[in-house]
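Heads up: numbering here begins at 1 and tracks the sequence.
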Amino acid sequence: MSFRLSQRDKDIIAFINQFRAVDRDSLVDLFFKQLKSPINACNSVMVRLYRLELIERTQQYSPTVYLPVDAKIKKNSQKILHFLSILDIYKQMCTYSKPKQVIVEDKPTGQKGGIEPDLFCIFKGSPFWTEIQRNQYSEQKMQAKINLYEEFFFSDEWKALHWQPEERSPIFPSVILITPVRYAVNSDHIRIIQVSSIHELMEKYKSSANSQKEARTKTAHSSGGIRINLT
């Protein structure tokens, strides 16, 4: 079969391969929003790519969810909801600034049993590992997860990760816990941020930045709020 793919076709296929599960409405927002009839245009493109066997799909969800052709995910798997949660966090970030160096289900240690954040990216100039907690866990289990990050911190292996800036000292990413509850976890070595969404993170940062700006007018030593480079 002879066919020619547009650059948008290629970008859509690559995006689905990267995020593993992508719903139709997200594709509309990310690739078709500027068109006169974005939903119709998206449906037409996705049907064509599906018939060309360049993507897979599942209609267990509404709207349709698209998968890579070599996806090892069952079409009714709960894993699809997991990947859609990662996609949602990415889309929230895009409303503020498009993330760079995006890695879905990052495995920076390269070893089983190491840290496995749901998402790595550089967002507004800062590196982040994001853990999305759709279920509630015990504080012991969450602290064990943080302990793995500390182990990796002390290994120094993170200093050689490919995204590290060449012109500056290596940076250990902040860890964002996307969770509807707050866990009594702590670390003396890595920054942990617990929020329910990226929108909450940005609101916290805005409040913190404003507070620190006001404090600097009164004293040379400001404190309080999360200190994080999101500029």
Quick check on the hydrophobic clustering: are [X] and [Y] connected, directly or via other members, by side-chain heavy-atom contacts under 4.5 Å?
| X | Y | value |
| --- | --- | --- |
| Ile39 | Leu87 | no |
| Leu52 | Tyr66 | yes |
| Val28 | Ile55 | no |
| Tyr50 | Leu5 | yes |
| Val22 | Leu35 | yes |

Within the side chain of [X], is there an N or O that forms a donor-acceptor pair under 3.5 Å with the backbone of [Y]?
| X | Y | value |
| --- | --- | --- |
| Gln164 | Ile171 | yes |
| Glu139 | Ala184 | yes |
| Ser197 | Glu200 | yes |
| Ser85 | Leu81 | yes |
| Gln18 | Val102 | yes |
| Ser44 | Ala41 | no |
| Gln92 | Ile198 | yes |
| Trp158 | Phe172 | no |

Side-chain touch [X]/[Y], heavy atoms, less than 4.5 angstrom:
| X | Y | answer |
| --- | --- | --- |
| Glu131 | Ile146 | no |
| Val69 | Asn17 | no |
| Lys33 | Pro38 | no |
| Trp163 | Lys100 | no |
| Ser174 | Pro127 | no |
| Arg51 | Met46 | no |
| Asp29 | Lys91 | yes |

To the closest 0.5 Å, what do you measure between [atom1] ([X]) and [atom2] ([Y])?
| X | Y | atom1 | atom2 | value |
| --- | --- | --- | --- | --- |
| Met93 | Met202 | CE | CE | 10.0 Å |
| Ser77 | Lys75 | OG | NZ | 13.0 Å |
| Ile176 | Thr130 | CD1 | OG1 | 4.0 Å |
| Gln59 | Arg57 | CD | CZ | 4.5 Å |
| Glu116 | Lys145 | CD | NZ | 8.5 Å |
| Arg134 | His82 | CZ | NE2 | 8.5 Å |

Any idea which heavy atoms bring [X] and [Y] closest together, and the distance?
| X | Y | result |
| --- | --- | --- |
| Ile80 | Ile73 | CG1-CG2, 3.8 Å |
| Leu148 | Gly114 | CD1-O, 4.2 Å |
| Lys204 | Val195 | CD-CG1, 4.0 Å |
| Ser196 | Ile178 | O-CG2, 3.5 Å |
| Leu161 | Pro108 | CD2-O, 4.0 Å |
| Ala21 | Leu84 | O-CD2, 3.6 Å |

Query raised in the report: Which one of Glu105, Gln101, Lys107 satisfies the side-chain contact (heavy atoms from CB on, under 4.5 Å) criterion with Phe120?
Result: Gln101

Requested in this report: Step by step, work out the side chain to side chain contact (heavy atoms under 4.5 Å, CB included) result for Val65 and Leu67.
Outcome: CA-CA 7 Å; Val65 171; Leu67 312 167; 4.1 Å; yes

Requested in this report: Indicate the ring-plane relationship of Phe152 and Trp129, choosing parallel, tilted or perpendicular according to the 30° and 60° boundaries.
Outcome: tilted

Query raised in the report: Which class fits the ring pair Tyr96 and Phe123: parallel under 30°, tilted 30 to 60°, perpendicular over 60°?
Result: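 The rings of Tyr96 and Phe123 stand perpendicular, inter-plane angle above 60°.
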
Query raised in the report: With sequence neighbours left out, what residues match Asp156 under salt bridge (Lys or Arg N to Asp or Glu O under 4.0 Å)?
Result: Lys159

Requested in this report: Show your reasoning for whether side chain to side chain contact (heavy atoms under 4.5 Å, CB included) applies to Asn186 and Ile192.
Outcome: CA-CA 7 Å; Asn186 62 82; Ile192 306 165; 5.7 Å; no

Under 3.5 Å, is there a donor-acceptor pair linking the side chains of [X] and [Y]?
| X | Y | result |
| --- | --- | --- |
| Asn147 | Glu151 | no |
| Thr179 | Gln194 | no |
| Asp23 | Ser26 | yes |

Query raised in the report: Heavy-atom count around Gln34 CD within 6.0 Å, excluding the residue itself: above 12?
Result: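 It does: Gln34 CD has more than 12 such atoms within range.
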
Requested in this report: Might you confirm whether atom CD of Glu167 has over 12 heavy atoms from other residues, nucleotides or ligands at distances under 6.0 Å?
Outcome: yes

Query raised in the report: Would Asp118 and Val104 count as a side chain to side chain contact (heavy atoms under 4.5 Å, CB included) if you check the C-alpha gap in whole Å, the side-chain angles of each, and the deciding distance to 0.1 Å?
Result: CA-CA 6 Å; Asp118 297 312; Val104 176; over 6 Å; no

Report task. Check the pair Ile193, Leu177 against side chain to side chain contact (heavy atoms under 4.5 Å, CB included), reporting the backbone distance first and the verdict last. Result -> CA-CA 6 Å; Ile193 306 166; Leu177 299 181; over 6 Å; no

Tell me if the aromatic rings of [X] and [Y] count as close, with their centers under 6.0 Å from one another.
| X | Y | answer |
| --- | --- | --- |
| Tyr137 | Tyr183 | no |
| His189 | Tyr149 | no |
| Phe83 | Phe19 | no |

Query raised in the report: Is a salt bridge present between Asp9 and Arg4, judged by a nitrogen-to-oxygen distance below 4.0 Å?
Result: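 No, this pair does not count.
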
